[in-house]
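Notes for the one structure printed next.
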Amino acid sequence: MKAKIYIKYKEGILDPQGTVTNKALKSIDIKGIESIGIGKYIEMEFDKNISKGDAKKIAEESCKKMLANPNTETYSYILED
Amino acid sequence: MKFAVIVFPGSNCDHDAYYALKNIGFDVEFVWHRNTSSLSNFDGIFIPGGFSYGDYLRTGAIAKFSPVMKSIKEESKKGKIIIGVCNGFQILVESDLLPGSLINNKNIKFLSKQVKLKVKTVNSIFTKNIEKEYLEMPIAHKQGNYIADSDTLQTLKDNDQILFEYDINPNGSMLNIAGITNKKRNILGMMPHPERASNSLLGSEDGNYIFESLIKNYV
């Protein structure tokens with residue numbers, strides 16, 4: 001069981017990396033992109049005996065307590081077998 | 001008055017802090033971050049700058065779970081003096097000992113330069129005896145851009161909790177915030193480095209005003 005965790009800045013939080021990357025893509029003539037947000041991607045591999053329900057709890061607690069800063073970031077995750 | 005300078009893996013201003021505090025007349029001792037014993041025998045706690053845990057995940061995000069932080073939280077409740085500079089400030093906001101967050105500088109650059117700070121209020125033990133309107137000291141950070149929601153910013157203003165403002169905003173911080181205190185006014189968090197401005201050989205001695213104010217007014 002694995003969790004794929006995505007962390008991104010909340011709306012309105014300055015994301016200079018995203019802004020600069022968007023501008024750079026425009027500069028090489030890649031068109032049609034409205035905006036780019038750059039966040040973090042974390043893969044969490046669980047112990048073999050962990051159930052899906054427990055994996056969800058562990059991922060949730062990890063995000064809440066450490067992986068994301070609730071003031072500036074939001075998180076989401078997908079559980080995969 | 002006896003200060004503990006907390007040392008994390010990756011702290012790099014711990015010796016500067018030790019020197020600056022000792023120089024003013026404090027007794028100083030280093031305390032390793034894995035220390036689990038009480039810090040009640042200290043009168044002040046200094047969380048220095050650096051890159052605790054390599055700034056992995058987010059600045060301060062892992063350091064806030066170091067064993068020593070439990071004792072620091074306990075002491076903060078008792079009203080003990082706590083100073084967090086640069087990475088120390090980042091650890092204090094991550095630990096919710098100070099409000100707001102510190103995110104990437106507006107221009108994403110690591111900024112290392114001398115800045116001018118406006119002393120916004122003398123209504124704190126850290127600034128009480130500062131007669132100068134401006135202090136000069138260095139900044140050295142990439143995540144020093146202070147942000148908070150509008151209610152928090154209003155509270156900071158209403159309670160006179162903003163102690164230092166940048167004269168020229170280098171990093172995008174809201175309200176030009178360079179340093180704040182908590183509601184109880186026993187905790188100081190600031191991005192600029194007073195400990196690195198503690199001797200004329202370092203280009204400025206202005207940081208000493210903060211430590212002098214503290215030693216004069218500590219009861």
Side-chain angles (χ1 to χ4, degrees), chain A residues 2-28 30 33-47 50 54-79, chain B residues 52-67 69-70 73 87 89-111 141-153 155-156 169-177 180 182 189:
Chain A
K2 181 197 275 184
K4 291 182 167 177
I5 302 171
Y6 302 88
I7 293 165
K8 58 179 194 175
Y9 282 127
K10 280 184 176 171
E11 196 104 356
I13 300 284
L14 194 76
D15 176 11
Q17 285 191 82
T19 311
V20 170
T21 307
N22 192 12
K23 276 187 193 162
L25 285 170
K26 279 200 171 78
S27 78
I28 57 165
I30 297 179
I33 301 168
E34 169 67 26
S35 69
I36 285 187
I38 295 185
K40 290 185 191 109
Y41 170 65
I42 297 168
E43 273 193 359
M44 186 180 276
E45 188 79 45
F46 297 97
D47 288 347
I50 295 287
D54 284 344
K56 189 173 187 301
K57 273 185 207 154
I58 294 166
E60 184 69 33
E61 194 184 3
S62 305
C63 287
K64 211 171 246 172
K65 282 192 174 165
M66 188 191 279
L67 302 182
N69 178 337
N71 293 334
T72 56
E73 295 168 329
T74 58
Y75 60 85
S76 60
Y77 48 84
I78 300 165
L79 295 173
Chain B
S52 58
Y53 290 95
D55 280 351
Y56 294 166
L57 192 62
R58 286 184 314 281
T59 55
I62 297 179
K64 77 169 167 179
F65 293 108
S66 273
M69 290 309 295
K70 207 177 155 201
K73 282 188 171 169
N87 189 223
F89 186 14
Q90 293 163 340
I91 295 168
L92 289 174
V93 293
E94 274 286 339
S95 308
D96 284 330
L97 287 168
L98 286 172
S101 299
L102 291 152
I103 61 167
N104 273 328
N105 295 342
K106 202 174 172 183
N107 57 10
I108 341 182
K109 279 185 181 153
F110 186 95
L111 298 169
H141 62 248
K142 193 179 171 192
Q143 287 87 11
N145 181 353
Y146 183 85
I147 64 159
D149 59 44
S150 52
D151 288 349
T152 305
L153 293 173
T155 309
L156 288 175
N169 193 334
N171 54 20
S173 285
M174 289 178 168
L175 304 178
N176 302 319
I177 285 173
I180 56 169
N182 58 334

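These figures come from a predicted structure and were not determined experimentally. Reminder, nothing fancy here: chain letters follow the sequence lines and each chain counts from 1.
If you measure heavy-atom distances from A:Ile7 to chain B, you find no contacts under 4.5 Å at all. Only the side chain of B:Ile103 comes within contact range of chain A, with at least one heavy atom under 4.5 Å from a heavy atom of that chain.
With sequence neighbours left out, the side-chain contact (heavy atoms from CB on, under 4.5 Å) criterion links B:Pro67 to B:Arg34, B:Thr36. Contacts of A:Lys4 classified as side-chain hydrogen bond (donor to acceptor under 3.5 Å, both in side chains), with partners at least two apart in sequence or in another chain: A:Glu80.
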Once you leave out hydrogens and angles, what donor-acceptor pairs under 3.5 Å do chain A and chain B share?
from: A:Lys40; atom 1: NZ; to: B:Leu57; atom 2: O; distance (Å): 2.8
from: A:Met66; atom 1: O; to: B:Arg58; atom 2: NH1; distance (Å): 3.0
from: A:Met66; atom 1: O; to: B:Arg58; atom 2: NH2; distance (Å): 3.0
from: A:Leu67; atom 1: O; to: B:Arg58; atom 2: NH1; distance (Å): 2.9
from: A:Asn69; atom 1: ND2; to: B:Glu94; atom 2: OE2; distance (Å): 3.3
from: A:Asn71; atom 1: ND2; to: B:Ser101; atom 2: OG; distance (Å): 3.2

